[in-house]
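Residue numbers start from 1 in every chain, and the chains themselves are labelled A, B, ... in the order their sequence lines are given, proteins ahead of strands.
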2 protein chains.
Amino acid sequence: MLLSKSCEYAIQAVLTIARKSDGDYLPVRKIADETGISYHFLGKILQTLTKAGILNSYKGPNGGVALVRSAAETTLLDIVAAVDGLGFAQRCALGLPKCSDESQCALHEDWGKICKNMSQMLESRSILDLISFYK
Amino acid sequence: MLLSKSCEYAIQAVLTIARKSDGDYLPVRKIADETGISYHFLGKILQTLTKAGILNSYKGPNGGVALVRSAAETTLLDIVAAVDGLGFAQRCALGLPKCSDESQCALHEDWGKICKNMSQMLESRSILDLISFYK
DNA sequence: AGCATTTAAGACTCTTTTGTCTTAAATGTA
DNA sequence: TACATTTAAGACAAAAGAGTCTTAAATGCT
Ligand code: FES
Ligand code: FES
């Protein structure tokens, strides 16, 4: 599994926020109901996104979370980086301690291409791109 | 992390077997020393490969494990399939219960391409290809 | 037959990930 | 000020992954 469960949830949540919010804050409760993700678990994940500067949060009545930047300016890579980190693109496919063009393993070249594809996909797809799929 | 730790170890082990064995059985002990993988843990992983028909094993003095098919006929995909399964290529990137061309999520198309790349890489690279890298 | 070697198998522990629950803090509203 | 709403935070539990250890079974050698 490339993305952790938390990261999958984070992406689903951000997609939901971008689709459902009309500029106001969207309560975590609503996101949980919409996506089916456990409320409390989702809360923690969204905290990470808030700390990472991807979401704003506001407490109290009419509070909730909202995107800091526009959907067009927020990419999948931002979310993955915040939740899982970018290690996937730097780690050796065989788990060897170092992965660089100097100290290579047998998979390094093939693997590098795949990682690059993946990073490019994650970076080039904005949240806006993705929600337009549902329209 | 795409490949599990066990799967990384399995690949390392098979590469070692292909490189070090001269037709005889290679003891798990030797593979563990060579790769630095814990002996007992490696034992379990190699059992899985044996059950999957990738390795033969033989007990007793001069026993060990050996490739069933030649290094040229054994692919990375065989190993990954045996240890981790092929779920990675069928699972929805967002963890949604179904992933098919009918019931798509926003990432389905992009994700599909990446999975295909990955499968092709794993399938097209034989163990022989990989060990020739070290020569 | 007896011994040393080597894989097989399962119990067990440790760590990480995933998920739940409870309480605190902030904030708008009446 | 009192209250309802909503996020923040941390303790706790459950499940999965990773790793260790012990014992059993098979086999070759003397
Ligand atoms: S060294 Fe193994 S993938 Fe780079
Ligand atoms: S439905 Fe999500 S990747 Fe196929």
#### Entry: Residue pair A/Phe41 / A/Ser6, side-chain heavy-atom distance below 4.5 Å
yes
### Message
Rounded to whole Å, please give me the gap between NZ in A/Lys59 and C1' in D/dT6.
### Response
9 Å
### Message
OP1 or OP2 of D/dT5 versus the side-chain N and O atoms of A/Tyr58: is any pair under 4.0 Å?
### Response
no
### Query
Would you call A/Glu8 and B/Arg91 a salt bridge, using N to O less than 4.0 angstrom?
yes
### Whole-Å distance separating the CG atom of B/Asn56 from the C1' atom of C/dT6
15 Å
### Message
Could you see if A/Val14 belongs to whatever hydrophobic cluster contains A/Tyr25? Use Ile, Leu, Val, Met, Phe, Trp, Tyr and a side-chain cutoff under 4.5 Å.
### Response
no
### Message
Are the side chains of A/Asn117 and B/Lys113 in contact, using a 4.5 Å heavy-atom criterion?
### Response
no
### Query
Is it true that the side chains of B/Thr50 and B/Gln47 contain a donor and an acceptor less than 3.5 Å apart?
no
### Message
Nearest whole Å is fine: how far is D/dT7 P from A/Arg29 CZ?
### Response
10 Å
### A/Tyr9 OH - C/dT17 P separation (whole Å)
15 Å
### Summary
Contacts of A/Gly60 and A/Leu3 projected onto DNA chain C by closest heavy atom; the upstream (5') one is A/Leu3
### Query
Where along residues 32-55 of chain B does a heavy atom come under 4.0 Å from DNA chain D, residue by residue in number order?
B/Ser38, B/His40, B/Phe41, B/Lys44
#### Entry: Phosphate-side-chain proximity, A/Ser57 and D/dA8, N/O vs OP1/OP2 below 4.0 Å
yes
### Summary
A/Lys5 has its side chain closest, among C/dG28, C/dT18, C/dA4, to C/dT18
### Query
Please give, in whole Å, the distance from C/dT6 P to B/Ile17 CD1?
15 Å
### Task
State which of C/dA8, C/dT18, D/dA18 makes the closest approach to the side chain of A/Ser6.
C/dT18
### Task
For the pair A/Ile79 and A/Leu49, evaluate side-chain contact (heavy atoms from CB on, under 4.5 Å) and give the outcome as yes or no after the intermediate values.
CA-CA 7 Å; A/Ile79 302 174; A/Leu49 293 181; 4.2 Å; yes
